[in-house]
Amino acid sequence: MNEHSPRFYEFEGFRLDTAKRLLWRHGKVVSLMPKAFDVLLALVSHHGRVVGKDELLSGVWRDAVVEENSLNVNVSAL
């Protein structure tokens with residue numbers, strides 16, 4: 001996240017806190033693994049447009065080579 005990114009995103013009863021890396025649903029914390037949080041943040045921060053799997057893979061796993069299954073597992077967790 002950069003200095004111009006919002007600290008919070010709100011959608012459908014959820015609140016995503018980018019600074020604390022927490023997802024809230026109706027006032028309760030939703031447990032997410034770190035990469036699942038990163039995938040959700042990438043999707044929410046690009047709302048209104050399709051985010052392709054290659055963009056997600058390169059954005060979430062910047063310094064690692066991973067298989068598409070890693071993305072599938074984290075999207076399923078969401």
Side-chain angles (χ1 to χ4, degrees):
M1 299 300 307
N2 65 43
E3 64 203 37
H4 301 292
S5 299
R7 175 166 177 195
F8 297 103
Y9 291 95
E10 294 183 351
F11 54 97
E12 303 290 324
F14 290 91
R15 181 177 175 104
L16 190 67
D17 184 333
T18 63
K20 293 183 180 178
R21 296 183 54 83
L22 293 173
L23 176 65
W24 299 82
R25 181 174 188 222
H26 303 300
K28 295 183 180 182
V29 174
V30 176
S31 179
L32 288 178
M33 297 299 291
K35 288 301 181 191
F37 182 92
D38 293 340
V39 169
L40 179 59
L41 180 57
L43 293 171
V44 171
S45 65
H46 292 95
H47 66 281
R49 75 173 185 85
V50 174
V51 182
K53 68 178 177 182
D54 291 335
E55 184 177 356
L56 286 170
L57 286 169
S58 65
V60 173
W61 289 272
R62 287 177 203 80
D63 301 325
V65 176
V66 296
E67 296 182 13
E68 286 182 31
N69 188 50
S70 295
L71 179 59
N72 295 341
V73 166
N74 285 284
V75 169
S76 292
L78 295 173

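Residues: numbered from 1 along the sequence shown.
Grouped by direct or indirect side-chain proximity (heavy atoms under 4.5 Å, Ile/Leu/Val/Met/Phe/Trp/Tyr only), M33 sits alone.
Each salt bridge (charged side-chain N to carboxylate O under 4.0 Å, His left out) pair with one or both residues in residues 44-55, not counting sequence neighbours, appears once here: R49-E55, K53-E68. For the ring pair (Phe, Tyr, Trp, His ring centres under 6.0 Å) condition, no pair includes a residue of residues 19-70, sequence neighbours left out.
The OG1 atom of T18 sits 12.0 Å away from the CG atom of L23 when rounded to the nearest 0.5 Å.
Both V66 and L41 sit in one connected hydrophobic cluster of ILVMFWY residues. Membership requires side-chain heavy atoms under 4.5 Å apart, directly or through other members.
With sequence neighbours excluded, the residues forming a salt bridge (charged side-chain N to carboxylate O under 4.0 Å, His left out) with R21 are D38, listed by chain and number. Annotation: salt bridge (charged side-chain N to carboxylate O under 4.0 Å, His left out) contacts of K20 (sequence neighbours excluded): none. In this view, F14 and F11 satisfy the ring-ring contact (aromatic ring centres under 6.0 Å, His included) rule, not counting sequence neighbours.
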Compile the donor-acceptor pairs under 3.5 Å between side chains in residues 69-78 and protein atoms, sequence neighbours left out, one pair per line.
from : atom 1 : to  : atom 2 : distance (Å)
N74  : OD1    : A36 : N      : 3.1
N74  : ND2    : S70 : O      : 2.7
S76  : OG     : N72 : O      : 3.0

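V29 and L22 make their closest contact through CG1-CD2, 4.1 Å (heavy atoms, listed as atom of the first residue, atom of the second, distance).
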